[in-house]
Amino acid sequence: MPNLLFMRLRVQLTSLAMLAGCASAAAVPADPPSSASPSAAALPTTAPHVAANEVARLRALGPAALTPLFARWDAMPASAARDELARTIDAVAGQRYATISRMYWYTDLVSASAVAKALNKPILALRMLGRLDEDLSCANSRLFRSTLYANTEVSAFLRDNFVLFWSSERDVPRVTIDFGDGRRLEGTTTGNSAHYVLTADGTVIDVLPGLYAPKAFQAELTKTLALARKVAKLGPAQRSNAIEEYHRTAIDDTARTWQEVSKLVYIEDRGVLLGKNDVASALEQAQLATVSKSYIEVPALAQIAAGVDPGELAEETTSQWAAIGQYAWQIGDAFVAEAPADKKQSRELALAISMGQTWRIRRSRGSRMWRLINFFDPNTLPVVLDPGSRALVTALHQGGPIKTTPTELGMMLARLEHHLVADSALNQFKLRPLIHRRLARNENRSLDAVNTFVYDEVFHTPRQDAWLGLLPRTDFTGLPGDGVVMP
């Protein structure tokens, strides 16, 4: 199952054009890059010129090899030589933009396990399509690099508590849209990733499927880290029991949180996260419209139905998932309006929501942008990405020949944060319970076994489907053999 930010790529490859640009004009301030932030010119784009045997020698030293390299890079002024050193650092670290994340990744599980045993740490294993040290890895891993690993607090948390390891599920499908005049859009079409937490001997104890916002990612891994430290002291039978108990409890906790979600009132088609008092303000406007009987531009309020199953919520309802994510991890403050217990107030709320729906139906496409600009205060929006992540996202976004305005850049960041929180909720409440139930059973918990389950049953991209669902052969394309070219 693809994440919300990239899901349309599976059915419409031209969506790459929309993702490459920024189509909104709402005024959201962007954090200016600091002097230490990466610039577009500072992002290395080619392989290092250092000999492969020298990279292999440095990688064999492990994370310690990066310390002197980082010291040299930090002391150098912006220059071609510094860019070249950044490319070398990426090769040694096993990750693009390692000068920002400061993370070292093993690519051999045997080596990672040996280090984990020596340090008495669990392993955080990233499984992905493509390679973490290449620009065109799968969409999830690209967002991991820019929104999670570039986050100063998350990076330190991962380096301090885990041995890091990544492996590739398969090559990532790539697509090029050629406009015929020398202009091209290059990207990837599909693919999902997951973070597995392993004991030093390779037993999977938890999985985070897909993309999570930084706060949610660290919060969930903190819980699993406590489990990892607990089971490290137990024998095989007790360890299995502890893992089962942890996931049964997680199932109950997730269900309990989901029941609380039925109290949420949110703004449909919001496009950005809910800021302080946004829902309350929208509710006041909707109630005013019902009283005055006059036309007032009203945000489309809605309420999540009580008792609805997470599986019944459409993945496309981004604003709904974002509101759930904000509630689940308390991203922002005082943004949730609960259904009032008083029957009169409850009827007024229902009428206000109905009125908002009526105005939403009557609004034209053009008024949507007007509503986005006028119905949120950018100064009250929750901040999801830290300055380090924002700087890298900005450098990547502005790294090509086409630049965006500060206003467009600010809206892109706001929309990205909105999708990060929405994806966190979708993955947590719709996908992760499947994993909890799998790990609560006393079955094979090796990385291979659990990974097969995740890609087959959770992501629905089984390894035996060579075309990743992109070649269903059920629709006529007008091309010989649907355009398939075989090697």
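The model shown is predicted, which means the values in this text are computed figures rather than measured ones. We use all heavy atoms of the structure for the numbers below, so side chains are in, but hydrogens, waters and symmetry mates are not.
With sequence neighbours left out, D482 forms a side-chain contact (heavy atoms from CB on, under 4.5 Å) with L471, R473, T477. Partners of K117 by side chain to side chain donor-acceptor pair (under 3.5 Å), not counting sequence neighbours: none found. Partners of R131 under the side chain to side chain donor-acceptor pair (under 3.5 Å) rule, at least two apart in sequence or in another chain, are D133. Judged as a ring pair (Phe, Tyr, Trp, His ring centres under 6.0 Å), and not counting sequence neighbours, the contacts of Y455 are F459. Not a single ring pair (Phe, Tyr, Trp, His ring centres under 6.0 Å) links F453 to another residue, sequence neighbours left out. In this structure, D475 has no salt bridge (charged side-chain N to carboxylate O under 4.0 Å, His left out) partners at least two apart in sequence or on a different chain. Among residues two or more places apart in sequence or in another chain, the ring pair (Phe, Tyr, Trp, His ring centres under 6.0 Å) test is passed with Y106 by Y104. S79 is linked by a side chain to side chain donor-acceptor pair (under 3.5 Å) to nothing, counting only residues two or more places apart in sequence or in another chain. Applying the ring pair (Phe, Tyr, Trp, His ring centres under 6.0 Å) test to F144 and every residue at least two apart in sequence or in another chain returns H195. Partners of E245 according to the side chain to side chain donor-acceptor pair (under 3.5 Å) rule, which considers only residues two or more places apart in sequence or in another chain, do not exist here.
Ring geometry for W329 against Y212 counts as perpendicular: the plane angle is over 60°, on a 0 to 90° scale with 30° as the lower cut. Classification of the F157-F162 ring pair by plane angle, with boundaries at 30° and 60°, yields perpendicular.
The stretch residues 191-209 participates, sequence neighbours left out, in these salt bridge (Lys or Arg N to Asp or Glu O under 4.0 Å) pairs: D201-R239, D206-R432. Screening residues 57-71 for side chain to side chain donor-acceptor pair (under 3.5 Å) gives E54-R57 as the qualifying pairs, with residues at least two apart or on separate chains.
The environment of E244 atom CD is dense: over 12 non-hydrogen atoms of other residues, nucleotides or ligands sit within 6.0 angstrom. More than 12 heavy atoms of other residues, nucleotides or ligands shown are found within 6.0 angstrom of CZ on R441.
When R142, R96, R174 are each tested for a salt bridge (Lys or Arg N to Asp or Glu O under 4.0 Å) with E134, only one passes: R174.
The distance from atom CD of Q428 to atom CD1 of I324, rounded to the nearest 0.5 Å, is 11.5 Å. The distance from the CG atom of L413 to the NE2 atom of H418 is 14.5 Å, given to the nearest 0.5 Å. Considering CG of L392 and OG1 of T99, their distance stands at 8.5 Å, rounded to 0.5 Å. To the nearest 0.5 Å, atoms CG (N192) and CG (N140) are separated by 4.5 Å.
Scanning both residues, V163 and A116, for their nearest heavy atoms gives CG2-CA, 3.8 Å.
Between E443 and R438 a salt bridge is recorded (basic side-chain N to carboxylate O distance below 4.0 Å). With salt bridges taken as basic N to acidic carboxylate O contacts below 4.0 Å, one links R102 and D74. The pair D253-R256 counts as a salt bridge, with a side-chain nitrogen and a carboxylate oxygen less than 4.0 angstrom apart.
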